[in-house]
There are 2 protein chains.
Amino acid sequence: MEKSYEDVWNGQEDGAHMARIKDVAREAGVAASTVSLVLNQKGYVSEATRQKVEAAMKKLNYIPSEVARNLSLSRTQTIGVILPSLSHPFFGELAEELEAALYHLDYKMMICCTQAKENSERDFVDMLRRRTMDGIIMGAHSLDLSIYDGLDQPIIAFDRIINPRIPIVHCDHRRGGQLAAEAFLRAGCGRIADIIGYQGVHSPAHEYHRAFRTIMEAYGVEVHVIELPWNAFGYADFLQTAERLFAEYPAVDGILGADMVVAACQHSAVARGYRIPEKLKLIAYDGTSFTCTGAQPITAVRQPIRQLARLAAEKIVRRVKGEMDDLPCTCEPELIERETC
Amino acid sequence: MEKSYEDVWNGQEDGAHMARIKDVAREAGVAASTVSLVLNQKGYVSEATRQKVEAAMKKLNYIPSEVARNLSLSRTQTIGVILPSLSHPFFGELAEELEAALYHLDYKMMICCTQAKENSERDFVDMLRRRTMDGIIMGAHSLDLSIYDGLDQPIIAFDRIINPRIPIVHCDHRRGGQLAAEAFLRAGCGRIADIIGYQGVHSPAHEYHRAFRTIMEAYGVEVHVIELPWNAFGYADFLQTAERLFAEYPAVDGILGADMVVAACQHSAVARGYRIPEKLKLIAYDGTSFTCTGAQPITAVRQPIRQLARLAAEKIVRRVKGEMDDLPCTCEPELIERETC
DNA sequence: GTGAAAGCGCTAACAC
DNA sequence: GTGTTAGCGCTTTCAC
């Protein structure tokens, strides 16, 4: 359809200005405020005028401007989401679930990926100050948290510690560490490598390693710790780490770490002739689709991404609306037994 | 920092209203329009007044409202992006690159995932009508394209045929098909399975299969075609397809298809005892990170996602600005030889 | 029930 | 150079 009959009939050519609320009002022979009422289904409007207004709206092909409405209501119905990347499966899944959750709450999602873009996070937080969005869900791995100081707008952190005023939505990582520990213990592992994220990033996620090690050490199991560099998300980085691990610690019989590192270790291990799960057990933490997609699906502690996303969305929206937020901050992880432990 | 010294000093408590442009004007003893000028670095403002204005802005902790500015300029500086999902690696990577490209063009990205959300696409396109965003990049697998009829706002399609008025950014798929064909031919394959997407979705991507088959048939190679159901993106769906493939066509010695299906075939094949690449060759089309992350990295025809994203971003922005768009519509794919062919 | 008018916070002509 | 004025397109009190 090139151009609708009505558009042409009404002179809605490309250049012609779009109908505004006052055009509709004039056409229907009423005041703009009345049109607003029927538009928003508020107040009382007689059936007769409603009909007239609706006819006028249809005739002029009227579509209200969201921007004007937002200015008037001083809000935008959009939530900003700050994540390190989208290509990483964890953040991809998370972003998808956040978008869905926000959509159902009648909010739009604006995305900012911080990785590989200098200053983008600062710019984005500035947009919050400029009231381009109503609130932020922050889940990036920033080292400089000062940009969040003195912010009055609603903000919640996803698995990150930003400052004491900002609530954190996260999975019960202590329980996650416990699940992993119990699984390795059941499997009889005695020499474990624990691959941890960069410790300069403040995240509740570090807890699962702590909980894990506490338990393992209580059972007299040796745990060798390896720290990843900051913002290492590339598979190549992980392969290097894997190589380093096997070189330093060839007697390892169990590995715990995030999905992709563990997958890289699986790859390296097979190449070096380790038999999995007979001689080497693997548990991936996070449990994104990534772990069930290879030749040998990886046993994982799964973070309940959907629930976490819903919780975060619900929480930020409540805060934006000024409603009471008595929602919990955590969700429970789950052990998914597959072929590597 | 709980609250900045200045905030407190200026009474910028939570309840206190934020400074507006006229507050700054009053404080500086000038007109609002002058403040606007220094804000936007436009026109000529004497050094003295500039200083006064800047001091006033700092003192009142003034942050301009983006919404008011947008209403005034009737634009939003945001582009909507419609994709089936974000958890799929192709779309995750694409979204990430789009966001980066738009960021550098000074635009924000609003995301809509259509999969698993009835009507969300219609709602989203409606937002374009409501001028919530300035333009759209559409890359979803919709069957009902009528919602794009009669749209006057800028829109460009990503690897999708929507209607004749909407330009399409896509990879040169014919060339992609040719690259795959040549690789299989060099490897001496004679019985190929070609796994194609659902044909009800109109996409230039179908071209690579056509080009591929044309060449293969010219060389007398048998090609067995398998069609995927609509919106099959889950790995489980792909595993089923793989099983079906080997059951129906056990003599296969080469498989072509999108990344995840081919990965699923790899998995199935290994389980069934096919030796790759000796007895069975695999080529994945798309070449996302997914293909280089398993135990045996998959040879792939890679779509240049970053370039495609930059092109799409640049194109939509030019259209939004009313600039001439003489940019090309296509990018070249590349064969990445790895371990499966 | 409906309309007039003020306001949301900024930009842009056009005077001076 | 700077101020005045009139929008941008909607919502919302408050009379009538």
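In what follows, chains are A, B, ... by sequence order, proteins preceding strands, each numbered from 1.
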Run the side-chain contact (heavy atoms from CB on, under 4.5 Å) test against [X] and tell me which residues pass, sequence neighbours left out.
{"X": "B:Asp123", "answer": "A:Tyr103"}
{"X": "B:Gln77", "answer": "B:Arg75, B:Asp106, B:Tyr107, B:Lys108"}
{"X": "B:Thr76", "answer": "A:Val67, B:Asn70, B:Thr78, B:Met133, B:Asp134"}
{"X": "A:Thr330", "answer": "A:His170"}

Estimated bend of the helix from C:dG1-D:dC16 to C:dC16-D:dG1 (axis per five terminal pairs, rounded to 10 degrees):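 Terminal axis comparison yields 40°.
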Integer-rounded Å distance: C:dG9 P and B:Arg26 CZ: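 To the nearest whole Å, that distance equals 13 Å.
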Distance, rounded to the nearest Å, where B:Asp23 contributes CG and C:dC8 contributes C1':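 Whole-Å distance recorded here is 13 Å.
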A:Thr49 side chain to A:Ser46 side chain, donor-acceptor N/O pair below 3.5 angstrom: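 The criterion, which ignores hydrogens and geometry beyond distance, is satisfied for A:Ser46 and A:Thr49.
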Polar contact flag, side-chain donor to acceptor under 3.5 angstrom, B:Asp144-B:Ser146: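 Judged by distance alone, the side chains do pair up.
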Salt-bridge present (B:Arg318, B:Asp325; N to O < 4.0 Å):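 No, B:Arg318 and B:Asp325 are not salt-bridged.
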Carboxylate-amine/guanidinium proximity below 4.0 Å for A:Arg130 and A:Asp126: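 Looking at A:Asp126 together with A:Arg130, the answer is yes, because their closest N to O distance falls below 4.0 Å.
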D:dT2 phosphate, OP1 or OP2, under 4.0 Å from B:Ser46 side-chain N/O: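 Yes, B:Ser46 has a side-chain N/O under 4.0 Å of OP1/OP2 on D:dT2.
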Nucleic acid footprint by protein, nucleotides 6-16 of chain D - heavy-atom cut-off 4.0 Å, B for base, S for sugar-phosphate alone: -BBBBSB----
